[in-house]
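Counting convention: from 1, in listed order, for ligands and their atoms alike. Here, residue 1 is the first one in the sequence, and each next residue gets the next number.
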Amino acid sequence: MATKTYTKPVEEKSAATYQGLSRAQLVEAYRIMYTSRRIDDREILLKRQQKIFFQISGAGHEAIGVAAGFVLKAGYDWFYAYYRDRALCLSLGATPYQMFLQAVGAAADPSSGGRQMPSHWSLPKLNLVTQSSPTGSQILQAVGCSEAGRYFAAHPEAAKKATGDYREFKEVRSYPDEVTYVSLGDGTTSEGEFWEALNTASNRRLPLVFVVEDNQYAISVPVEVQTPGGNISRLVAGFPNFHFEEIDGTDPVETYAALVRSVDWCRRGNGPAFLHAHVIRPYSHSLSDDERLYRPEAERQRDAARDPISRTQMFLLREGILDEKGINHLEKQVDDELQAAVDQALEAERPKPETVTRYVYSSDLDPTSARFDTQPVFPSGGDGKKSAPRTMADLINATLRDEMHRDERIVIFGEDVADCSREQYLREKLVKGKGGVFKLTAGLQYEFGTDRVFNSPLAEANIVGRATGMATRGLKPVVEIQFFDYIWPAMMQLRNELPLIRWRSNNGFSAPAVIRVAIGGYLTGGAIYHSQCGESIFTHIPGLRVVFPSNALDAAGLLRTAIRCDDPVLFLEHKRLYRETYGRSLYPGPDFMVPFGKAKIVQAGTDVSVITYGAVVPRALQAVQRLEREHGVKAELIDLRCLNPFDWDTIAASVSKTNRVVVAYEDCQSWGYGAEIVARIAAELFDQLDAPVQRVAAKDTYVAYQPILENAILPQVDDLFRAIHQVSNY
Ligand SMILES: Cc1ncc(C[n+]2csc(CCOP(=O)(O)OP(=O)(O)O)c2C)c(N)n1
Ligand SMILES: [Mg+2]
């Protein structure tokens, strides 16, 4: 559809260029800008005719978009373009037809197959990365994307294809001087993630161009409410290593020149650039908004006088680049092209309802399959330290080390995970190094270097957002959230971004990162903010695998599966289990894997099924052993190990045998993880039950500091014993 028909400039003879733009390029710029505006107008019409379901325009933002598209290279540089960047996308090579396919929600919509609203761009071939609706969540991902480009430049071997894991399905494309583009509105600069992104881009001197398209409004909220003093350039001016530009973003020539300088700064490796473009918003925020409710006519008129379309048209006429006839001819050509594209899109096939769950997870690599089911190879005697049983903390550390040896795409970062950020202290052997507050990553920076293992700022969204961007590019970030209690700043990324990259782009992109999280209580003094669970909040997120091992061997096997698989994984590590005597294991070798979704029968039995996971497993084991000793009751204890997916088959087989169930978990009882299991048992195994299903869980309150209170709140061996006994006696 995208036939780029150049309308010839009137005077080819003039060699004059405009900040490096030729006359032909200026005509092309106008063609794209006009196309962009007319697509908006057509969509507005289609929305009014109820042929499409949403519209948000790029009107007023066309000049900056075209300029960026001229300076940056599609399929070479990377683009995190927000919803007003229609003209940018067109100038990178997206076609009007593709845009109308998205507007109607066609099956062939290349951005999402009808899953996302229009103007939520995603075109893998152009390196135009899938965008979402939350304002600002793209920025940290763009940081991660540019870090990935730099990493592959320094580690070209890592980019090579490998078989036997996620790399088989993840082609890496990178160029040593590539630049990442990320854009946002003036209102979005109020989001914390914007500042977290500036922090890392500045600190790491990343080749990242921030473009703030300042149209003075965030829906109805004017810029002075968002930005103290009303000018974002003034606020960010103190960040080191940046090239700054503040420009009239409605002027394609001025904007082009500023972009050339900015991109050049980045390509040369000097650091990031920040381009503050003053633009206009001639239409309301979206078709759901009426700006006349909050903007008086006079203000709207002032904006209209700066409209980039009429400005550029006047410029072409004034400079004698196109005459009136030439303009009319160009516009007619565009209008005809759009008409044909609309007609075709309206006829396009719609997506089929039965496809709705496709690409929630990788369809290439199934982490529940036999290829992730390998046997441990324990060291034979005499192998010194390796032949002693090791803790969960030890084996997680060993697994990370093994995998880092095997796969150069793995990078590890988070708060305190490095041995020592001031490398010279390590080199000069002045310090031993920290390697995590729980020491899970100890020695890894020392062994693999600071570009593979490093500290992040104290900012959880920063960690997960960057990991998402890196994983989108083909790296395998294995990042750490220091305490589950502090995962919440990353919630936007964990709920709306990481697990959705694949589904919302209809398999165009994926982000199989691993997020390790220290979780749980029973710490004696851990109190409210170092004891939380809350796994059900994450098992409720389609697209995210959730794992929760109870012992060292499973932790090693499941972590390896998490790293090698092709889906994002939340890997929950119970702090109380890190160094317990219970569940220690010999080192199982560098290829031991446990598949996801396979429970372990810790103790077989016939009288009652006890279904649990995590730190409740050793407590439940004590309870069932006592029950057998004291009452001869044989309980079957099932450790789920993996919470999404979970092993329904093992549960069903056990309950069909015992006809009695206790579901136990450490988190608050109400709305907890057990609710889903109990509901499923009620729905599918009702006929098998000889007793009501019981739950044993924490009280619906917070974990208190004083141990007497903590014990009363969290489920204890006695609570488990009583419940299992009661159910077995029913
Ligand atoms: C996190 C989040 N909060 C609120 C919204 C609803 N919303 C969508 S666009 C928008 C205003 C954005 O303003 P700005 O960043 O200036 O961009 P503009 O639309 O003006 O180009 C808001 C509040 C959202 N999408 N995401
Ligand atoms: Mg705005």
Side-chain angles (χ1 to χ4, degrees), residues 36-37 40 43-44 54-65 68 80-89 116-121 130-142 181-198 210-228 230-233 235-236 246-250 274-291 293-295 299-300 302-303 306-308 461 464-465 468 488-498 500 504:
S36 178
R37 183 69 61 90
D40 281 324
E43 282 190 359
I44 289 166
F54 181 77
Q55 208 282 330
I56 192 156
S57 87
H61 296 231
E62 294 95 343
I64 174 87
Y80 286 74
Y82 92 123
Y83 48 83
R84 302 245 187 254
D85 279 347
R86 187 188 298 288
L88 166 68
C89 298
Q116 287 232 77
M117 289 172 152
S119 298
H120 288 54
W121 321 112
T130 171
Q131 290 305 290
S132 61
S133 298
T135 52
S137 53
Q138 73 275 27
I139 317 171
L140 284 164
Q141 292 174 35
Y181 164 100
V182 64
S183 57
L184 56 141
D186 46 290
T188 299
T189 64
S190 296
E191 292 283 1
E193 292 192 14
F194 165 70
W195 298 93
E196 293 186 22
L198 288 177
F210 292 78
V211 174
V212 173
E213 298 176 22
D214 182 353
N215 58 18
Q216 299 262 316
Y217 276 95
I219 309 186
S220 70
V221 183
V223 66
E224 68 273 15
V225 176
Q226 306 283 351
T227 308
N231 185 314
I232 192 65
S233 283
L235 298 194
V236 301
E246 184 177 358
I247 48 154
D248 179 352
T250 63
F274 188 94
L275 208 148
H276 179 191
H278 292 280
V279 296
I280 59 160
R281 197 193 72 189
Y283 298 169
S284 291
H285 170 74
S286 71
L287 269 201
S288 317
D289 173 47
D290 179 0
E291 67 172 356
L293 297 174
Y294 52 87
R295 295 185 81 184
E299 184 185 301
R300 295 167 58 221
R302 274 200 303 280
D303 257 18
R306 291 177 56 223
D307 192 308
V464 179
T468 303
W488 311 117
M491 202 58 192
M492 180 69 91
Q493 294 291 337
L494 285 166
R495 177 66 184 84
N496 280 339
E497 297 295 334
L498 179 71
L500 266 149
R504 75 177 187 220

Q. Do E193 and I139 have side-chain heavy atoms sitting under 4.5 Å apart?
A. no

Q.
Is any side-chain heavy atom of I232 closer than 4.5 Å to one of E246?
A. no

Q) Are the side chain of E497 and the backbone of G465 linked by a donor-acceptor contact shorter than 3.5 Å? A) no

**Q.** Salt-bridge contact R281-D214 (side-chain N to carboxylate O under 4.0 Å)
**A.** no

Q) For the side chain of Y294 and the backbone of P222, is there at least one donor-acceptor N/O pair under 3.5 Å apart? A) no

Q) Parallel, tilted or perpendicular: which fits the ring planes of F274 and H276, with parallel below 30° and perpendicular above 60°? A) perpendicular

(Q) Can you tell me how far apart NE2 (H285) and OH (Y217) are? Round to the nearest 0.5 Å. (A) 14.0 Å

Q: Could you find the nearest protein heavy atom to atom 16 (O) of ligand 1 and give me its residue, atom name and distance?
A: G187 N, 2.8 Å

Q) Judging by distance only, is a nitrogen or oxygen of E191 under 3.5 angstrom from one on ligand 1? A) no

(Q) I need the atoms of ligand 1 closer than 4.0 Å to a non-hydrogen atom of N215, numbered in the order shown. (A) 18 (P), 20 (O), 21 (O)

Q: Determine, step by step, whether R37 and D307 satisfy the salt bridge (Lys or Arg N to Asp or Glu O under 4.0 Å) criterion, reporting the C-alpha distance in whole Å, the side-chain angles of both residues, the deciding distance to 0.1 Å, and the verdict.
A: CA-CA 11 Å; R37 183 69 61 90; D307 192 308; 3.0 Å; yes

Q. Near P134, which atoms of ligand 1 are under 4.0 Å from a heavy atom of that residue?
A. 26 (N)

Q: Please check if the side chain of S36 supplies one atom and the backbone of R86 the other of a donor-acceptor pair under 3.5 Å.
A: no

Q.
I want to confirm something. Looking only at heavy atoms, which of V279, T135, L184 is nearest to atom 3 (N) of ligand 1?
A. T135

Q) Are the side chain of E191 and the backbone N or O of T189 linked by a donor-acceptor pair below 3.5 Å? A) no

Q) With a cut-off of 4.0 Å, which atoms of ligand 1 are near a heavy atom of G185? A) 14 (P), 15 (O), 16 (O), 17 (O)

Q | Location of contacts on M492 toward ligand 1, heavy atoms closer than 4.0 Å | A | side chain

(Q) Quick test: of every protein heavy atom, which one is nearest to atom 12 (C) of ligand 1, and how far off is it to 0.1 Å? (A) Y83 OH, 3.3 Å

Q: To the nearest 0.5 angstrom, please state how far the OG atom of S233 sits from the CG atom of L275.
A: 8.5 Å

Q: Could you grab the protein N, O or S atoms closer than 2.8 Å to the Mg ion (ligand 2) for me?
A: D186 OD1, N215 OD1, Y217 O

Q.
Is there a polar contact between ligand 1 and T188, counting only N or O atoms under 3.5 Å apart?
A. yes

Q. Is there side-chain contact between Q138 and S132, with at least one heavy-atom pair below 4.5 Å?
A. no

Q. For ligand 1, does D186 get within less than 4.0 Å through its side chain, its backbone, both, or neither, judged by non-hydrogen atoms?
A. both

Q. Does even one non-hydrogen atom of R281 get within less than 4.0 Å of ligand 1?
A. no

(Q) Heavy atoms only: which of G136, S133, S286, S132 lies closest to atom 25 (N) of ligand 1? (A) S133

Q: Report yes if some N/O of R84 lies less than 3.5 Å from some N/O of ligand 1; otherwise report no.
A: yes

Q | Nearest protein heavy atom under 4.0 Å from atom 6 (C) of ligand 1, yes or no | A | no

Q) Hey, is R84 close enough to E62 for a salt bridge, meaning N to O under 4.0 Å? A) no

Q) For atom 10 (C) of ligand 1, which of V221, I219, I56 has the closest heavy atom? A) I219

**Q.** Protein residue, atom and distance nearest to atom 20 (O) of ligand 1, heavy-atom basis
**A.** Y217 O, 2.7 Å

Q. With a 4.5 Å heavy-atom cut-off, do F194 and L184 have their side chains touching?
A. yes

Q) Who's the nearest protein heavy-atom neighbour of atom 21 (O) of ligand 1, and how far? A) Y82 OH, 2.7 Å

(Q) Under a 3.5 Å distance rule, please check whether W121 uses its side chain to pair with a backbone N or O of C89 as donor and acceptor. (A) no

Q: Check whether any heavy atom of Q226 sits under 4.0 Å from an atom of ligand 1.
A: no

